[in-house]
There are 2 protein chains.
Amino acid sequence: MSRLSRDDIVAGAGRRFALYGYHGTSMRDLGDDLGILGSSIYAHIGGKQELLVAVVERGASFFETSAAHALDSATQPLEILRLLISGHIDVLIEHRSEARTYLTESFFLAEDERTKIIAARDAYEQVFADTIEAARDAGEARPDLDPRLAAIYVLSILNAIERWYDGHGRVSRENLIEDVSSFVRRGVCGEA
Amino acid sequence: MSRLSRDDIVAGAGRRFALYGYHGTSMRDLGDDLGILGSSIYAHIGGKQELLVAVVERGASFFETSAAHALDSATQPLEILRLLISGHIDVLIEHRSEARTYLTESFFLAEDERTKIIAARDAYEQVFADTIEAARDAGEARPDLDPRLAAIYVLSILNAIERWYDGHGRVSRENLIEDVSSFVRRGVCGEA
DNA sequence: CCTACCGATCGGTAGG
DNA sequence: CCTACCGATCGGTAGG
């Protein structure tokens with residue numbers, strides 16, 4: 001057993017925060033998970049709040065990287081939208097703890113940091129809205145669509161996935177991406 | 001100032017739990033909100049966990065009442081679905097604290113109560129899935145639709161509303177119901 | 001519903 | 001990373 005790194009501590013905190021919440025996690029709980037004492041954690045970090053900041057920023061960064069990649073990899077709006085969807089699902093599956101903590105515990109950040117994270121989340125949401133608006137302006141989406149509301153609906157479907165998807169059922173990652181993309185495409189483009 | 005009732009205490013707990021979470025709320029915080037001491041709350045209830053049970057059960061009951069009403073008020077599947085959507089949004093807006101606590105804090109219930117609430121939530125979700133399946137079997141929805149997944153998507157859009165809708169912006173309750181219903185109807189029925 | 005209080009647990013620190 | 005510890009706060013109770 002070698003010594004733990006700061007990243008180990010942050011990863012452990014992410015798992016705990018995702019499961020029991022920031023306020024439902026004590027430093028002693030976290031220490032137990034890591035095989036050290038709660039007080040020993042303070043050799044690596046300045047405080048509990050600093051751990052939350054680290055986990056949430058990590059979560060946010062994965063989504064931002066995904067959006068940048070989607071915008072770099074396609075030009076057609078509906079193609080970008082599909083990449084945004086698949087990238088978001090990948091982040092949820094591959095970095096579940098950080099993603100979940102980012103989605104549910106950001107409110108407990110201190111004022112300044114919370115403001116930063118909300119701005120980043122709004123910018124990410126705006127990428128979805130802009131993409132949907134571009135699809136509409138290109139005549140690929142229905143003209144009566146409100147891009148901002150549609151972006152919220154798409155992200156609502158996506159963010160809820162970590163609540164119910166376990167990866168071991170009958171729905172594979174590929175099936176999930178396909179099914180969500182199909183539902184969203186009809187919501188955005190479809191006649192009814 | 002007359003004495004508080006048990007319902008007053010539960011309502012206050014709902015507001016606190018919705019804002020700061022179960023573990024982020026102390027009995028003294030709650031007492032402050034109610035204008036009494038934290039210890040005085042124990043004159044009305046047995047413990048903090050009992051308060052969570054009361055709030056969550058109240059939240060769940062509003063949704064169940066809404067679903068029962070939707071099933072009673074229509075026979076055509078797509079009409080029922082629209083009533084399920086508008087009823088759900090009404091509950092979110094009119095009983096925001098209880099709804100939010102039900103949606104986000106149920107995990108912190110003790111084992112037995114949590115199992116009960118999860119079963120109730122699954123049954124509610126099943127009403128959505130059955131309605132969508134009925135629409136599909138009646139030829140009103142696209143034949144390749146997975147009713148269970150579609151129900152999850154619809155509820156994901158609905159449940160997220162309490163996270164962003166403030167009721168004071170440019171989107172009225174009626175507009176919101178109309179816009180969500182429209183998006184969902186296309187997702188369920190639409191060509192793309 | 002308040003006074004007065006309890007043991008347990010909390011986040012965190014000094015020193016090694 | 002542990003030992004030993006701190007003041008603050010936690011959920012909760014006895015008695016009025």
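Throughout, protein chains are lettered first and strands after them, A, B, ... in sequence-line order, and every chain is numbered starting at 1.
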Seminar exercise, completed: Dot-bracket for DNA chain C, 5' to 3', Watson-Crick and G-U pairs with both distances under 3.5 Å, [ ] for crossing pairs, | for partner on another strand, reads ||||||||||||||||

Seminar exercise, completed: Ranking D:dC2, D:dC10, C:dT13 by distance to the side chain of A:Ser39, first place goes to C:dT13

Exercise. Whole Å only: how far is the CD1 atom of B:Ile41 from the C1' atom of D:dT13?
Worked result: 14 Å

Problem set entry | A:Ser182 and A:Asp179: side chain donor to acceptor below 3.5 Å | no

Problem set entry | Length of the CD1-P vector between A:Ile36 and C:dG11, whole Å | 14 Å

Exercise. Are any non-hydrogen side-chain atoms of A:His44 and A:Val10 less than 4.5 angstrom apart?
Worked result: no

Problem set entry | Separation of atom CG in A:Leu30 from atom C1' in D:dC1, rounded to whole Å | 14 Å

Exercise. Should A:Ser26 be listed as having a side-chain N or O under 4.0 Å from OP1 or OP2 of C:dC10?
Worked result: yes

For this session: Compare all side-chain heavy atoms of B:Phe17 with those of B:Leu51 and state whether any distance is below 4.5 angstrom.
Result: yes

Exercise. Is a side-chain donor or acceptor of A:Lys116 paired with a backbone partner of A:Glu57 at a separation under 3.5 angstrom?
Worked result: no

Problem set entry | Length of the CZ-P vector between A:Arg6 and D:dC1, whole Å | 14 Å

Exercise. Roughly how many Å is it from CE in B:Met27 to C1' in D:dG11, rounded to a whole number?
Worked result: 7 Å

Exercise. Among side-chain atoms of A:Gln49 and A:Glu113, is any donor-acceptor pair under 3.5 angstrom?
Worked result: no

Exercise. Taking it one step at a time, do B:Phe63 and B:Tyr102 satisfy ring pair (Phe, Tyr, Trp, His ring centres under 6.0 Å)?
Worked result: CA-CA 10 Å; B:Phe63 289 115; B:Tyr102 164 68; 5.6 Å; yes

Identify every side-chain donor-acceptor pair in residues 30-42 of chain A under 3.5 Å, counting partners at least two apart or on other chains, and give the distances.
unit_1: A:Asp33; atom_1: OD1; unit_2: A:Arg16; atom_2: NH2; d: 3.3
unit_1: A:Asp33; atom_1: OD2; unit_2: A:Arg16; atom_2: NE; d: 2.7

Exercise. Counting just side-chain N and O atoms, does A:Ser40 come under 4.0 Å of either OP1 or OP2 of D:dC2?
Worked result: yes

Seminar exercise, completed: Rounded to whole Å, CZ of A:Arg28 lies from C1' of D:dT3 at a distance of 13 Å

Exercise. With sugar-phosphate meaning primed atoms plus P, OP1 and OP2, does A:Leu4 contact a base, only sugar-phosphate, or nothing at under 4.0 Å between heavy atoms?
Worked result: sugar-phosphate

Exercise. Parallel under 30°, tilted from 30 to 60°, perpendicular over 60°: which one fits the rings of B:Tyr22 and B:Phe108?
Worked result: parallel

Exercise. Does the side chain of B:Asp29 come within less than 4.5 Å of B:Tyr20's, by heavy atoms?
Worked result: no

Exercise. In residues 42-55 of chain B, which ones come under 4.0 Å of DNA chain C, going by heavy atoms?
Worked result: B:Ala43, B:His44

Exercise. Starting at CG of A:Leu37 and ending at P of D:dC6, how long is that distance when rounded to a whole Å?
Worked result: 17 Å

